[in-house]
Amino acid sequence: MINKDAKIFVAGHRGLVGSAIFRLLKKEGYTNILTRTRENLDLLDDNKVKDFFQKEKPDYVFLAAAKVGGIVANAEKPADFIYENLKIETNVIHSSYLAGVKKLLFLGSSCIYPKLAKQPIKEEYLLSGYLEKSNMAYAVSKIAGIVMCQKYNEQYGTNFISAMPSNLYGPGDNFNLKNSHVLPALIRRFYEAKEKGRDSVELWGTGTPKREFIYIDDLAKACLFLMNNYNDSEIINIGVGEDISIKELAETIKEEIGYTGEIRWDTSKPDGTPRKLLDVSKLKDQGWESSITLDEGVKKTYEWFLENKDNIRG
Ligand SMILES: NC(=O)c1ccc[n+]([C@@H]2O[C@H](COP(=O)([O-])OP(=O)(O)OC[C@H]3O[C@@H](n4cnc5c(N)ncnc54)[C@H](OP(=O)(O)O)[C@@H]3O)[C@@H](O)[C@H]2O)c1
């Protein structure tokens, strides 16, 4: 178990995941949390990262800093995605090893799994088939991070673990329509349609693909649980264990926002992978399960959006 006064570095503490981990650590009474903004420590800078770790010598590291984005951003800047993520990972993981960090948690993503993986997706399906092309650069960089953690454990005896969350959402999410994920994008679209009195909202595809969503505070709890209890090089999925169609998700959000117009599905647009559900039995066997329902999570996220809509990032 992490001592309450252990020095814990949360890399990416202003992001969706990092800010939730930071909030949880504070709430749980951890007193020595270390953070740096990008302006103070650019994780792309090898020497600065190495110096930072040597000087601060953190005991634990949550690696939640990454270049993250939706389909459009991944399509437009694939080189940036692979370059920045590989660089952040090599800098933080290698410097953690050099500085004697006791344990590091690396965050990957469900896109590391093969495009046509059997559902629900078990951890062992990693590298068993071809990846989805649209975010391959990002996925390959995340796989490299996983393998780095495993190989540092093997060669240097470190304790670097890797967790693969399903789709995340919650307060602090990116609501910029240019590069946001589906759930915050739907909140924004329905909110704007309601405000502007539009008769309908047009959404891409048929609405039949199914996706799994985990609320960000649940994810943070899972990360802290793993930091305290999981000591294996093999990756571990974090999810809720059930999925929902995009159509059902859109209806849930529409209702929460109170938009009364119509949803039109533009079926000429692509649907993407039909289903993406993580098998979370390994995490359950370890003793952790999510507790926030999608309805509750959407409600809290919408409340946050209303309070912060004039100040959201992107
Ligand atoms: N969001 C999801 O649905 C999802 C799902 C599965 C897995 N994940 C994983 O969770 C992790 C975090 O994702 P997120 O959604 O929290 O992303 P996010 O909200 O975009 O946050 C990323 C954080 O990383 C920081 N960062 C990026 N480049 C940096 C650099 N060069 N130097 C210093 N800081 C840098 C950003 O700093 P600034 O604040 O300065 O930009 C930001 O605070 C990623 O590894 C991602 O793969 C996310």
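Because only heavy atoms are used, hydrogens play no part in the values below, and waters and symmetry mates are left out as well, while side chains stay in. Whatever order the structure lists ligands and atoms in, that order sets their numbers, starting from 1. All of these numbers come straight from a predicted model, not from anything done at the bench.
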Inset, instruction - Please say whether Ala65 places an N or O atom under 3.5 Å from an N or O atom belonging to ligand 1. - result: no

Legend entry - Ionic contact status for Lys282 with Glu124, cut-off 4.0 Å: no

Inset, instruction - Return a yes/no value for Val68: is any of its N or O atoms, backbone included, closer than 3.5 angstrom to an N or O of ligand 1? - result: no

Inset, instruction - Let me see the working for Lys87 and Asn91 under side-chain contact (heavy atoms from CB on, under 4.5 Å), right down to the final yes or no. - result: CA-CA 6 Å; Lys87 197 100 207 219; Asn91 284 344; 3.9 Å; yes

Inset, instruction - May I ask you to list the atoms of ligand 1 that are less than 4.0 angstrom from any heavy atom of Gly12? - result: 23 (C), 24 (O), 43 (O)

Inset, instruction - Would you check whether Leu63 has a nitrogen or oxygen atom less than 3.5 angstrom from a nitrogen or oxygen atom of ligand 1? - result: no

Inset, instruction - Would you check the N or O atoms of Asn167, main chain and side chain alike, for any that come under 3.5 Å of an N or O of ligand 1? - result: no

Legend entry - Stepwise side-chain contact (heavy atoms from CB on, under 4.5 Å) check, Phe52 with Leu34: CA-CA 11 Å; Phe52 165 78; Leu34 188 60; 3.7 Å; yes

Inset, instruction - Select the closest option to atom 9 (C) of ligand 1 among Gly108, Pro165, Ser109, judged by heavy-atom distance. - result: Gly108

Legend entry - Of the listed options Gly15, Ala66, Gly69, closest to atom 43 (O) of ligand 1 (non-hydrogen atoms): Gly15

Inset, instruction - Could you tell me whether a side-chain N or O of Asn167 sits under 3.5 Å from a main-chain N or O of Glu212, the two making a donor and an acceptor? - result: yes

Legend entry - Close approach, His181 and ligand 1, non-hydrogen under 4.0 angstrom: yes

Inset, instruction - Could you check which of Arg38, Glu84, Lys87, His13 puts a non-hydrogen atom nearest to atom 27 (C) of ligand 1? - result: Arg38

Legend entry - Candidate pair Ile121 and Asp279, rule side-chain contact (heavy atoms from CB on, under 4.5 Å), full reasoning: CA-CA 5 Å; Ile121 308 172; Asp279 184 318; 5.7 Å; no

Inset, instruction - Could you tell me whether the side chain of Glu132 and the main chain of Cys111 form a donor-acceptor pair under 3.5 Å? - result: no

Legend entry - Ile238 side chain reached by Cys223 side chain, heavy atoms, under 4.5 Å: yes

Legend entry - SB check Glu303 Lys300 (cutoff 4.0 Å): no

Inset, instruction - May I ask you to identify, for Lys142, whether its side chain, its backbone, both or neither come under 4.0 Å of ligand 1 on a heavy-atom basis? - result: side chain

Inset, instruction - Taking the six-membered ring for Trp and the single ring otherwise, decide whether the centroids of Phe9 and Phe53 are under 6.0 Å apart. - result: yes

Legend entry - Nitrogen or oxygen atoms of Leu168 and ligand 1 under 3.5 Å apart: yes

Inset, instruction - Could you tell me which atoms of ligand 1, counted from 1 in the order shown, lie closer than 4.0 angstrom to a heavy atom of Tyr138? - result: 46 (C), 47 (O)

Legend entry - side chain to side chain contact (heavy atoms under 4.5 Å, CB included) involving Lys254 - partner list, sequence neighbours excluded: Phe190, Glu251, Tyr259, Ile263

Legend entry - Any N/O pair Leu43/ligand 1 closer than 3.5 Å: yes

Inset, instruction - List every atom of ligand 1 that sits less than 4.0 Å from any heavy atom of Leu41, numbering the atoms from 1 in the order shown and giving each element. - result: 32 (N), 33 (C)

Legend entry - Proximity of Ala11 to ligand 1 by residue part, where a heavy atom lies under 4.0 Å: neither

Inset, instruction - Pick out which of Asp243, Asp271, Val182 makes a side-chain contact (heavy atoms from CB on, under 4.5 Å) with Pro209. - result: Asp271

Inset, instruction - Among Lys196, Arg189, Arg188, find the residue that satisfies the side-chain hydrogen bond (donor to acceptor under 3.5 Å, both in side chains) test when tested with Glu192. - result: Arg188

Legend entry - Atom indices of ligand 1 within 4.0 angstrom of Arg14 heavy atoms, with elements: 39 (O), 40 (O), 43 (O)

Legend entry - Ser166 neighbourhood, listing ligand 1 atoms whose heavy-atom distance to it stays under 4.0 Å: 5 (C), 6 (C)

Legend entry - Subset of ligand 1 atoms that lie under 4.0 Å from at least one heavy atom of Ile88: 28 (N), 29 (C)

Legend entry - Proximal ligand 1 atoms for Asp42, defined as those under 4.0 Å from one of its heavy atoms: 30 (C), 31 (N), 32 (N)

